[in-house]
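Notes follow once the structure below has been shown.
FYI, side chains are in, hydrogens and waters are out, and symmetry mates aren't considered; it's all heavy atoms of this structure.
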Amino acid sequence: MTLTPQYPEGRNLLKGKNVVVTAAAGTGIGYAVAKRAVEEGARVLISDFHERRLGEAADRIAEETGGERPLTALCDVTQQDQVDSLRDAAVGGLGCVDVLINNAGLGGEVSVVDMTDEQWHRVLDVTLNSVFRMTRAFLPHMQDRKKGAIVNNASVLGWRAQKGQAHYAAAKAGVMAFTRCSAVEAAAFGVRINAVAPSIAMHAFLAKVTTDELLAELSAKEAFGRPAEVWEVANVMIFLASDLASYMTGEVLSVSSQRA
């Protein structure tokens with residue numbers, strides 16, 4: 001079952017804010033949160049390492065929302081020089097950055113005994129180290145302005161166990177811990193840092209890399225008997241990015257209907 005999002009008219013949760021979203025090409029959570037940000041009145045810059053898909057995503061957001069086409073910037077979040085260039089492009093193109101959405105991540109299924117060093121390090125580099133690099137690059141800009149919000153994409157696997165996911169779960173647990181610690185440091189400057197922890201959100205890439213059997217098994221664990229839609233996760237990220245969450249920092253919100 002696919003749900004159609006219904007939003008009340010006239011909402012402008014991010015009106016006047018400038019938002020940067022990583023890993024926003026394709027049809028996943030990054031794309032969904034960038035689209036929602038435009039719908040909520042923000043000016044948006046989206047980044048990814050795939051040039052063609054990034055441009056297509058920007059065009060599609062403008063077409064689907066009837067709003068301004070997001071700015072785009074290529075970025076491999078495993079490379080600090082490219083992260084720094086993304087920050088400079090965002091500040092130059094938008095004027096300032098009010099919200100950073102750290103969405104980049106990489107999974108894969110492999111048992112611990114079969115996992116290579118390369119597999120381990122690659123998943124941690126994309127999923128955890130990228131959050132550190134992006135935060136290190138953008139946080140001083142926000143601290144200088146005495147305001148801003150960062151929203152990180154974690155996962156319920158940071159809390160829960162699933163076979164074949166030791167590297168991904170370790171990375172997402174790291175994102176949660178990094179969120180809490182960096183939030184305490186940033187609070188003194190008026191900057192908030194929070195995270196979401198989705199259980200399973202359905203999109204084309206997940207369907208491509210995950211077997212039907214595993215998707216059915218994971219969906220069966222959900223109280224609603226289905227995976228989340230990506231916009232359902234994006235809605236929570238938009239909330240955390242908005243002033244409605246003005247007293248929240250260092251929090252990790254589970255976007256899940258998993259049974260206890």
Side-chain angles (χ1 to χ4, degrees), residues 1-8 11 13-14 19-40 42 44 46-48 57 60-61 64-65 70 77 99-107 126-128 130-131 134 149-160 162 165 168-169 171-173 175-176 178-179 192-210 214-215 218-219 221-242 244-245 248 251-259:
M1 176 178 66
T2 300
L3 303 181
T4 301
Q6 299 291 330
Y7 307 121
R11 295 197 307 168
L13 291 180
L14 298 181
V19 178
V20 174
V21 185
T22 63
T27 59
I29 294 172
Y31 174 83
V33 74
K35 178 183 174 183
R36 290 292 295 116
V38 171
E39 291 173 337
E40 292 293 351
V44 177
I46 59 175
S47 75
D48 205 285
R60 194 162 63 251
I61 288 172
E64 292 180 353
T65 64
V77 292
V99 177
L100 170 63
I101 306 289
N102 283 319
N103 176 64
L106 178 67
V126 175
T127 307
L128 173 58
S130 70
V131 176
M134 290 290 297
I150 298 175
V151 183
N152 300 323
N153 193 356
S155 167
V156 295
L157 291 186
W159 293 309
R160 300 167 182 166
Q162 183 177 319
Q165 297 294 325
Y168 183 74
K172 290 301 189 180
V175 170
M176 293 177 175
F178 180 81
T179 296
R192 299 182 298 105
I193 303 178
N194 293 289
V196 298
S199 52
I200 176 174
M202 199 64 234
H203 54 87
F205 183 73
L206 179 63
K208 181 179 179 180
V209 300
T210 309
L214 180 56
L215 287 175
L218 295 175
S219 297
K221 294 179 179 179
E222 299 293 324
F224 295 133
R226 65 170 178 85
E229 301 289 338
V230 288
W231 56 264
E232 292 179 298
V233 179
N235 282 344
V236 181
M237 300 179 90
I238 292 295
F239 163 71
L240 289 173
S242 78
L244 290 178
M248 296 180 65
E251 297 295 336
V252 181
L253 295 187
S254 176
V255 188
S256 168
S257 69
Q258 286 197 352
R259 303 173 192 273

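Nearest heavy-atom pair, Ala228 versus Val233, reported as atom, atom and distance to 0.1 Å: CB-CG2, 4.4 Å. When every heavy atom of Arg192 is checked against every heavy atom of Ser242, the shortest pair comes out as NH2-O, 3.0 Å. Residues Ala24 and Asp48 share a closest heavy-atom pair of N-OD2, 3.4 Å. Thr127 and Lys172 get closest at one heavy-atom pair: CG2-CE, 3.6 Å. Closest heavy-atom contact between Ala57 and Gly26: CB-N, 4.5 Å. When all heavy atoms of Leu128 and Val175 are compared, the closest pair comes out as CD1-N, 3.5 Å.
A distance-only check finds a donor-acceptor pair linking the side chain of Glu222 to the backbone of Ser257 [under 3.5 Å].
Glu40 and Arg36 are joined by a salt bridge, as a carboxylate oxygen and a charged side-chain nitrogen come within less than 4.0 angstrom of each other.
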Exercise. Apply side-chain contact (heavy atoms from CB on, under 4.5 Å) to Asn235 and Trp231, showing your working.
Key: CA-CA 6 Å; Asn235 282 344; Trp231 56 264; 3.5 Å; yes
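Between Thr27 and Val230 the shortest side-chain heavy-atom distance does not fall below 4.5 Å. At least one side-chain heavy atom of Asn102 sits less than 4.5 Å from a side-chain heavy atom of Ile150. The side-chain heavy atoms of Leu253 and Leu240, taken from C-beta on, include a pair separated by under 4.5 Å. Ser130 has its side chain out of reach of Thr22: every pair of non-hydrogen atoms, C-beta onward, lies at least 4.5 Å apart. Contact of the Asn153 side chain with the Pro198 side chain is registered, since non-hydrogen atoms from C-beta on lie closer than 4.5 Å. Between Trp159 and Met176 there is a side-chain heavy-atom pair separated by less than 4.5 Å. You'll find the side chain of Glu64 stays beyond 4.5 Å of the side chain of Val38, heavy atoms only. Arg160 is listed as a side-chain neighbour of Ser256, based on a closest heavy-atom distance under 4.5 Å.
Side-chain atoms of Thr65 and Glu39 form no donor-acceptor pair, as typed in the model, at a separation below 3.5 Å.
Between Met237 atom CE and Asn152 atom CG the span is 8.0 Å, to the nearest 0.5 Å. In this structure, Ile193 CD1 and Leu100 CG are separated by 9.0 Å, a value rounded to the nearest 0.5 Å. Going from atom CE of Met134 over to atom OG of Ser47 covers 6.0 Å, rounded to the nearest 0.5 Å. The distance from the CZ atom of Phe239 to the CE atom of Met248 is 5.0 Å, given to the nearest 0.5 Å.
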